[in-house]
Amino acid sequence: MRPFDGRRVLLVVSGGIAAYKSAFLSRRLIQAGASVDVILTEAAQRFVGAETFEGITGRQVHTKLWQTAMAHLDLGKSADVIVVAPATADLISSMAVGGAKDLASATLLAAEAPVIVCPAMNTRMWKHPATQANICSLLKFGYDIVGPAEGPLAEGESGVGRLVEPEEIMASIGKALESHSRFEGLKVVVTAGPTRSSLDPVRFLSNRSSGRMGYSLARASWRRGGSVTLITGPAMPTSTFGLSVIEVETAQEMQEALKAELAEADVLIMTAAVADFEVVRMPDAKIKKEGSEGLTLSLHPGPDLLLETKSLREKNGIFTLGFALETEDAIENGRDKMERKGMQLVAVNVANEPGAGFEVETNRISLVHSSGKVEELPLATKEELADQLLDHIESAMDE
Ligand code: CTP
């Protein structure tokens, strides 16, 4: 999976209770197609065994400076990115002063690859001015500091000091591995998930959108260097690390958020499945079941967000990718929506095709360009399709 496929990650694990989370992280990296070398400090081996990592990565784990001559140079040289997780106060302090007393610190001192440091320690150790000064030094060296998070810590304490979750570290690694892109420095707005329109104070009309496609596009845009705002209806919870998230429920709320965000945007990716219908008159009280036989509800169309923002987008030159969910005459209908709603690219889905549309991990898209050209993208996971769609946005923006 891009950008992990065939890339080499060096994972440095130092001695903290959170070391077990690094085993999950190494598994996620392997699943994504990376190869992972692991260095365990002496203290780390008290928390997790070399065999655990060897079983997951299929590679020998490195623990000693003199295990193989020059290991500290070779490991750093061959890595595309180095991740220190968990990074203890002791290892951070050694890195800050250029220590080289063990394999972990010597390798970090000799390495040229980007370094991501994920601190984990007791909250008082984290807040100590010595640790804060060391973190400032690491930032000056150009290292990326991810976390620590706030929450329950070892020994029943709580505060800032927890290792961030493996998914967040994965996102940061993905960003470090991504090559330079046209998205760098652009403001990207992504809408995702369904919206709801109320039928009465307790019921609503909505649709089966899970938000997967939109969240994948938002994450991939961030990895490429975009500053990303995700405006989301009630969707399946997944990682939003690095994204600025605005949660909405109704089409009106999404419209307001969208108008505000578009003022500064360069790209709009409109994946939201906006609820198209609203009840003409919302009752103040819950509709009772008794006596409701033959109940009819009068509906009218709600706002069309792309239509409503068309002139603003045209005025500000915002590149727009939209979606079209169809059951018949898919390409023709998609093309018509593109022209009417002012999009530069439209990704057409056929709702009743197996493996495509709502509530599934995969999708099949026909991509219609404003020139009229149609490209069939093969069935793929929504994560993979997100990167393919961004590649198409990048080249269409250059045209
Ligand atoms: N869209 C929108 N506002 C709506 C409905 C849809 O901005 N009220 C956007 C969607 O996010 C998508 C595009 O318009 O990018 C096409 O959405 P789709 O549901 O396929 O089409 P509709 O315009 O709703 O038309 P229909 O349901 O009649 O096919």
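As the structure lists them, so they are numbered: ligands from 1, and atoms in each ligand from 1.
Under the 4.5 Å side-chain criterion, counting only non-hydrogen atoms from C-beta, M397 is in contact with V267.
Near ligand 1, residues M270, A272, V274, D276, P303, D304, L305, L306, G322, F323, A324, L325, K337, K341 come within 4.0 angstrom through at least one heavy atom.
Among pairs with a residue in residues 208-255, those fulfilling ring pair (Phe, Tyr, Trp, His ring centres under 6.0 Å) read W222-F241, at least two apart in sequence or across chains. Applying the salt bridge (charged side-chain N to carboxylate O under 4.0 Å, His left out) test to every pair with at least one member in residues 8-17, sequence neighbours left out, gives these pairs: R8-D37. Listed by first then second residue, pairs satisfying salt bridge (charged side-chain N to carboxylate O under 4.0 Å, His left out) with a partner in residues 196-208 read D200-R203, R208-E359, not counting sequence neighbours.
For F141, the CZ atom sits in a packed shell: over 12 heavy atoms of surrounding residues, nucleotides or ligands are nearer than 6.0 Å.
Side-chain contact, S366 with E376: a donor N or O sits under 3.5 Å from an acceptor N or O.
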